[in-house]
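Each remark here refers to the structure printed beneath this line.
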Amino acid sequence: VNVCTALIDMYGKGGSTVPARQIFDRMAHKNVVTWTAMVAGYIHCGELDRGLELVHRMLEDNVSPNEITILSWVIECGFAGALELGKLLHAYALKNRFEVSPLLATALLDMYGKCGEVRIARAIFDGMGRRDVAAWTAMISGYAHSNCLLEAFKLFIHLLSSNIEPNSITMVNLLVLCGEAGALHLGKWVHGIMMKLGIELDVVLATALVDMYAKCGEIDQAYQIFVGTRHKDISMLNALMGSLAMHGRGKQAWELFHEMKKQKMTPN
RNA sequence: UAAGGAAGCUA
């Protein structure tokens with residue numbers, strides 16, 4: 001059962017619901033994890049009707065969803081933009097008096113944020129008793145998804161005055177938002193806060209910095225950060241190369257490309 | 001280490 005369930009999970013998350021379902025149908029014994037994984041796969045792929053049909057069969061078989069079940073499905077609703085189903089799951093959790101853990105609450109507010117429902121997301125956020133950095137970051141990310149720059153930064157400032165420390169994921173969300181808005185001053189300010197708080201500069205965060213500076217037209221600054229990062233990866237190169245090209249520095253982009261190929265970096 | 005919450009370029 002465990003191995004088959006793991007396979008179903010893998011195929012489902014990989015977008016292959018057909019092989020997942022074949023394994024599912026051939027299993028004599030299924031448990032709640034098996035059902036959870038199969039339905040999650042359908043939601044992940046946007047095959048909501050098949051998912052719902054399976055949920056009905058699951059209930060007929062007297063298999064009850066638990067909190068992880070709902071959590072998994074809510075996450076996939078966010079991924080697939082399945083707002084209505086997400087609302088249904090939210091209602092189900094409330095109706096069955098699930099203790100809405102910080103994990104589930106964060107998944108719910110993230111789902112609403114990804115679906116553009118920032119007000120509902122905020123209501124959940126405000127209703128949370130103990131909010132950790134993931135909850136704050138999910139809320140900021142929700143504002144970022146809806147291009148609510150002001151709200152995102154208001155919340156971030158609120159976060160800075162709390163006892164919770166933002167982490168690199170929080171900062172990445174803010175930097176992406178600054179880049180998309182072309183808000184160079186804000187971006188620099190975020191950069192400064194990062195340094196002040198001593199947040200570790202991993203590849204993802206460094207890429208977000210490069211991207212922010214590049215999108216705001218500060219290519220040289222972006223270049224400096226790129227050069228100064230030891231473990232570069234392909235996304236980081238793409239961010240810089242693309243912006244060099246966008247700013248009419250195609251020759252430099254080309255040179256960078258060949259320099260990186262020499263260093264055994266494989267283009268994607 | 002069988003399903004569990006928030007992140008980067010490009011699409």
Side-chain angles (χ1 to χ4, degrees), chain A residues 1-13 20 23-24 27 29-41 43-44 58 63 65-79 98 100-114 121 124-125 128 131-145 152 155 159 164 166-180 199 201-215 222 225-226 229 232-246 267-268:
Chain A
V1 178
N2 298 10
V3 172
C4 288
T5 302
L7 284 169
I8 290 168
D9 180 55
M10 179 197 72
Y11 279 120
K13 287 199 168 75
I23 296 165
F24 182 85
M27 289 172 72
H29 302 285
K30 309 173 178 67
N31 60 23
V32 62
V33 183
T34 317
W35 287 93
T36 299
M38 188 64 238
V39 174
I43 301 173
H44 188 91
M58 173 180 176
V63 180
N66 59 27
E67 193 193 325
I68 302 180
T69 305
I70 301 301
L71 177 56
S72 306
W73 295 349
V74 167
I75 294 165
E76 298 304 349
C77 284
F79 180 87
F98 279 26
V100 180
S101 69
L103 268 68
L104 181 53
T106 303
L108 281 167
L109 86 83
D110 182 56
M111 181 273 295
Y112 282 116
K114 284 188 166 70
I124 294 173
F125 179 80
M128 290 176 72
R131 293 182 294 223
D132 63 11
V133 64
W136 284 89
T137 304
M139 192 62 240
I140 289 171
S141 162
Y143 284 132
H145 271 284
L155 195 63
L159 169 60
I164 313 290
N167 62 20
S168 66
I169 304 178
T170 318
M171 308 316 275
V172 167
N173 276 286
L174 293 169
L175 290 171
V176 172
L177 186 54
C178 290
E180 285 172 355
I199 291 173
L201 200 65
D202 58 26
V203 216
V204 175
L205 185 51
T207 301
L209 263 181
V210 167
D211 187 52
M212 182 279 291
Y213 278 118
K215 286 201 168 91
I225 292 163
F226 181 84
T229 304
K232 309 172 180 43
D233 74 357
I234 193 65
S235 289
M236 198 169 184
L237 174 64
N238 289 342
L240 183 60
M241 220 173 49
S243 70
L244 282 169
M246 294 282 275
N268 64 8

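In what follows, chains are A, B, ... by sequence order, proteins preceding strands, each numbered from 1. The model shown is predicted, which means the values in this text are computed figures rather than measured ones.
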- Under 4.0 angstrom, heavy atoms only, what part of the nucleic acid is A:Thr34 near: base, sugar-phosphate, or nothing? nothing
- Note on the structure: The dot-bracket string of RNA chain B, counting Watson-Crick and G-U wobble pairs with both distances under 3.5 Å, using [ ] for crossing pairs and | for pairs to another strand, is ...........
- Which residues pass the ring pair (Phe, Tyr, Trp, His ring centres under 6.0 Å) test with A:His44, sequence neighbours left out? A:Phe79
Nearest whole angstrom, please: distance from the [atom2] of [N] to the [atom1] of [X].
X        : N     : atom1 : atom2 : result
A:Phe79  : B:rA3 : CZ    : C1'   : 16 Å
A:Trp136 : B:rG5 : CH2   : C1'   : 17 Å
A:Leu108 : B:rG4 : CG    : P     : 16 Å
A:Lys13  : B:rA3 : NZ    : P     : 7 Å
A:Phe24  : B:rA2 : CZ    : C1'   : 14 Å
A:Asn31  : B:rG4 : CG    : P     : 14 Å

Donor-acceptor contacts, no H, no angles, side chain residues 205-215 of chain A, under 3.5 Å, sequence neighbours left out:
from: A:Thr207; atom 1: OG1; to: A:Val203; atom 2: O; distance (Å): 2.7
from: A:Asp211; atom 1: OD1; to: A:Lys215; atom 2: NZ; distance (Å): 2.8
from: A:Asp211; atom 1: OD2; to: A:Lys215; atom 2: NZ; distance (Å): 2.8
from: A:Tyr213; atom 1: OH; to: A:His191; atom 2: ND1; distance (Å): 2.8

- Summary of protein contacts for nucleotides 6-11 of chain B, nucleotide by nucleotide, where a base hit scores B, a sugar-phosphate-only hit scores S (4.0 Å, heavy atoms): BBBBS-
- Query: Backbone N or O of A:Trp136 within a donor-acceptor pair of the A:Arg131 side chain at under 3.5 Å?
  - Reply: no
- Message: Has A:Ser101 got a side-chain atom pairing as donor or acceptor with A:Leu104's backbone, closer than 3.5 angstrom?
- Response: yes
- Item | Residues forming a side-chain hydrogen bond (donor to acceptor under 3.5 Å, both in side chains) with A:Thr36, sequence neighbours excluded | A:Thr69
- Residues forming a side-chain hydrogen bond (donor to acceptor under 3.5 Å, both in side chains) with A:Thr106, sequence neighbours excluded: none
- Name of the residue among A:Ile8, A:Ile23, A:Asn2 meeting side-chain contact (heavy atoms from CB on, under 4.5 Å) with A:Thr34: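 Only one option passes, and that is A:Ile8.
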- Message: Give me the distance, rounded to whole Å, that separates B:rG5 from B:rU1 when you measure between the P atoms they each carry.
- Response: 11 Å
- Item | Pairwise side-chain contact, A:Ser243 with A:Leu240, heavy-atom cut-off 4.5 Å (strictly under) | yes
- Item | No-hydrogen, no-angle side-chain donor-acceptor test under 3.5 Å, A:Ser235 and A:Asn238 | no
